[in-house]
Amino acid sequence: MNRLKELLKTPLIWCFALFILGYTAWDLVTPDKEKSDMENRYLQQKPTLTLKNLFAKGDNAYNQRYEKYINDQFVLRDDWITLKSRAETALGKIENNGIAYGEDGYLFEKVVSVDEENLQKNIQYVQEFLQMYPQQKTTLCIIPNAYTVLTDKLPAGFENITVNQRDWINRIYQSQWPSNLSALEITDALAEHSDEYIYYRTDHHWTTYGAYFAYRQYIESLGMTPVSWETIQSVKGGTVEDFYGTFYSKAKNADVQPDSITWYDIPCTVEINGEAVDSLHNVEQFSQRDKYAGLMRSNNALTVLYSQVNQNHQEGKTSRVLVVKDSYGNSMIPYLCYHFDEVYAIDLRYLATMSSVMGETDFDELLILYNFANFADDTNIPKLRY
Amino acid sequence: MVFSSILFLFRFFPAAMLIYFLTPKKLKNLAIFLLSLFFYSWGEPKYFPIMIASTLCDYFVSLGIETHRSNKKLCRLLLLISVLFNLGMLGFFKYTGFFLTNLNALLGTSIPLPNITLPIGISFYTFQTMSYTIDVYRGNVKAERNIVDFTAFVTLFPQLIAGPIVRYSDISRELKTRVVSLPQISDGVALFIMGLGKKVLIANNIGSLWTELSESMGFSALSTPLAWMGVAAYTLQIYFDFSGYSLMAIGMGKIMGFEFPQNFDFPYISKSFTEFWRRWHMTLGSWFREYLYFPLGGSRVKLPRLYFNLFVVWFCTGFWHGASWNFVLWGLYFLVFLILEKTFLLPHLQKSRVLSHIYVLFFLMISWSIFAVTDFGQLGILLQRMFGIGVAQSAAGNWIYYLRNYIVTFLIGILFSTPLPWKCYLKIKKYKAAELVILGVILVVSVAYLVDATYNPFLYFRF
């Protein structure tokens, strides 16, 4: 009895013990999950102990994998991460996990440095590619990140700590390019519409509306007449609400304003990696978490759109454009159906060899369309030359 | 395994405590040894034999000294074996690469550098076992005959990896008989949680600014205010990181019935560097005083010899922190101020109320930049930016965003560098509910930060 009384006098001990032991027990009996929606990845499963991995080094070592397993499978993991986001806000922080909070619900990624060496290499790979196909008329278009364009929405002083992408894009454009390349500047065209919904608030991508202005710029540079926004709006399509993008996944801010994705089913038939699919966009994906991946059915090695609305069609000729792109391109590429019979889109991350496409088909135009940060960091661009 | 991890808090710690408290008294030290062995081997399955070797060496050497007390020469020889063995191990594992690099640079040779991984905690446990043997040699403590008790002392996992440097004399009594008292356990829990909070909520939080500036942005892009903010962030980070970790160790020691020595006593409120080094990493300072400075003759010697003694002590103190010249420079940097203070400055500093604090903090921040930046070229750039040299025009306003983002964290760090919150806690402690709420919030939020640190959304980022 006395022991018990004494124990009650020190509630800290049993509260602490109860929390640690109880939570550990709960964690132990909770079944493991296979994947995390929030993190968009597979979670570490319980590793098996072998003599080999016990003494291994690095990520494959048993202890490393076991620790990752414990962390990945921790009960209420997502909620703990949300609590941390709230704690950061309580501490007056204006960012979380590298994502800064701007005006009107806009989130921005803090890009404070450029991998100059990798960027230089990527420029060189493109140069080498152009020299391999000297007859191929090519356009290079670098898409700036949202913070470069939406300057009114930035937190105070944000432009002073982040990389000046206008300067960097100019530097890329002013490199020594072979004569078959022309550079397409779109930052100003986007900036003119900076008070409109051209980038998502909670995601790093531009909207299909933002992509329209790049499309317009590109088509004009080719000497054709782009279709009006009203024309595109008249196409059947839809708007998906409650899109919580990648920036939100990182920041998990309390005052999040979810985005909406507006998509247009530009009339065309679609082939992905040689197989016909029945629609341009993957509408089912719009009910999943990663909604952006619905556009143009996400990233595939080779997508071909056979246009049904080419306004520049010439009898007896099949005009073709090839776009080498990252996921930003998925918002813009369908518009090209208005000016080409066939629109090819290549994602170098999934494509084995570029020459397999270049060798088989003649293209009137080639467009290299990358977001700046992707172009600087990407390690698949060397594949252009294979 | 670090204390500030989910794996430790929700696997090792609860399991270890259950095992420890359920083990009968007689076997508790054996339980400590086995648990510590597991704890240590988790990160370094290969290197625990080295720790055991160091332990056994000092166990047998000390027994030898004790049984051959009358044979002075043999005792000396035995002591020499222990010192050479411990320093030899430390030298081999920690400093081989450093010496070879310098030798190569000096002679223009290209002796290949062996790939030696530093065994965790070797700087701490070699000092511990060595001091034990010296104490036995001096007759200050009796040699430990029970090998289980002795290995439990060396491997005792709360203090094994990052101190405090617990001497055998500190806990020799508790190794034999420990009374488990509930108030002591309760205090231990409180200290453990506070230590966790210091490490996770303050050190990691403010440290992210330093990491971002030094790793992502680079020193050359800093403006002068931002350079100082970065160094201030590091100054707070290293204190809360280290003292928080020590506090967790002290707390766990208490839970298990050990009283470890205090390691930090609000060093940043010091009015002189003499005072600072009595408040900073106290167990290391007293170790060097006891086992290096005093044997060299201490301060009761002629002036040139005193300077020599101080030089040796501060060279070693710096070098102990890392096998790189910047740590040596860092140690000798303090030597300069300590000599200045010894010769004339100290009385003036003690009289002054404001200037002395400015003096300490200003030169301390510079010392931490020397400590933090191993590469002298980079250090030069950082110091230039701190004093307004070479600041790029585009860098001018880059402190605004960071100040806005980190101001509250800075204020919290500064506040908790003073004894004020601790004094408040001692007053509040009487109200058990209030104590529970405060510590509960610290614990829960710390766990949230630890989980978030492993948050790794794979977002097809940007793709």
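Naming: A, B, ... by sequence-line order, numbering from 1 per chain. Note that the structure is predicted; figures quoted are calculated from it, not measured.
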Report yes if the side chains of [X] and [Y] come closer than 4.5 Å at any heavy-atom pair, otherwise no.
X        : Y        : result
A/Val111 : A/Tyr147 : yes
A/Thr246 : A/Lys250 : no
A/Asn145 : A/Phe108 : no
A/Tyr244 : A/Ser249 : no

Before giving the answer on ring pair (Phe, Tyr, Trp, His ring centres under 6.0 Å), spell out for B/Phe416 and B/Phe240 the whole-Å C-alpha distance, their side-chain angles and the decisive distance to 0.1 Å. CA-CA 9 Å; B/Phe416 278 83; B/Phe240 284 103; 7.2 Å; no
Just to be sure I understand the criterion: a residue of [range] counts if one of its heavy atoms is under 4.5 Å from a heavy atom of chain A. Which ones qualify?
range                       : result
residues 203-213 of chain B : B/Asn205, B/Glu212
residues 12-21 of chain B   : B/Phe13, B/Pro14, B/Leu18
residues 249-256 of chain B : none

Contact class of [X] relative to chain A, heavy atoms under 4.5 angstrom:
X        : answer
B/Ile193 : side chain
B/Leu450 : neither
B/Leu443 : side chain
B/Thr117 : side chain

Can any side-chain N or O of [X] pair as donor or acceptor with the backbone N or O of [Y] at less than 3.5 Å?
X        : Y        : result
A/Glu109 : A/Phe247 : no
B/Ser223 : B/Gly397 : no
B/Thr454 : B/Val451 : yes
A/Arg77  : A/Asn71  : yes
A/Asn122 : A/Asp378 : yes
B/Trp399 : B/Thr224 : no
A/Asp347 : A/Asn300 : no
A/Ser85  : A/Ile81  : no

Under 4.5 Å from any heavy atom of chain B, what part of [X] do you find: side chain, backbone, both or neither?
X        : value
A/Lys325 : neither
A/Ala61  : neither
A/Tyr62  : side chain
A/Glu88  : both
A/Asn330 : neither

Closest-packed option against chain A by number of heavy-atom pairs under 4.5 Å, given [options]:
options                                : result
B/Ile407, B/Ile400, B/Leu7             : B/Leu7
B/Tyr402, B/Tyr406, B/Tyr401           : B/Tyr401
B/Thr409, B/Leu9, B/Val445, B/Val444   : B/Val444
B/Leu403, B/Asn405, B/Asn398, B/Val408 : B/Asn405
B/Val189, B/Ile412, B/Leu226           : B/Val189

If only side-chain N and O atoms count, and only distance matters, is there a donor-acceptor pair under 3.5 Å linking A/Lys252 with A/Asn97? no
Specify which of [options] makes the most heavy-atom pairs with chain B at under 4.5 Å.
options                             : answer
A/Ala87, A/Ala25, A/Gly329          : A/Ala87
A/Leu83, A/Leu91, A/Asp78           : A/Leu91
A/Val112, A/Ile70, A/Asp79, A/Asn63 : A/Asn63
A/Asp27, A/Thr162, A/Thr24          : A/Thr24

Below 30° counts as parallel, above 60° as perpendicular, anything between as tilted: where do the rings of B/Phe192 and A/Phe16 land? perpendicular
Identify the residue among A/Lys35, A/Arg41, A/Lys46 that makes a salt bridge (charged side-chain N to carboxylate O under 4.0 Å, His left out) with A/Asp72. A/Arg41
Between CE on residue B/Met51 and OH on residue B/Tyr47, distance to nearest 0.5 Å: 13.5 Å
Can a cation-pi geometry be assigned to A/Arg171 and A/Trp168, taking NZ or CZ under 6.0 Å from the six-membered ring centre and within 45° of the ring axis? yes
Take A/Phe372 and A/Phe375, measure what ring pair (Phe, Tyr, Trp, His ring centres under 6.0 Å) needs, and give me the verdict at the end. CA-CA 5 Å; A/Phe372 172 75; A/Phe375 188 73; 8.0 Å; no
Under 3.5 Å, sequence neighbours excluded: what are the donor-acceptor pairs made by side chains of residues 431-439 of chain B?
| residue | atom | partner | partner atom | Å |
| --- | --- | --- | --- | --- |
| B/Glu435 | OE2 | B/Tyr425 | OH | 2.5 |

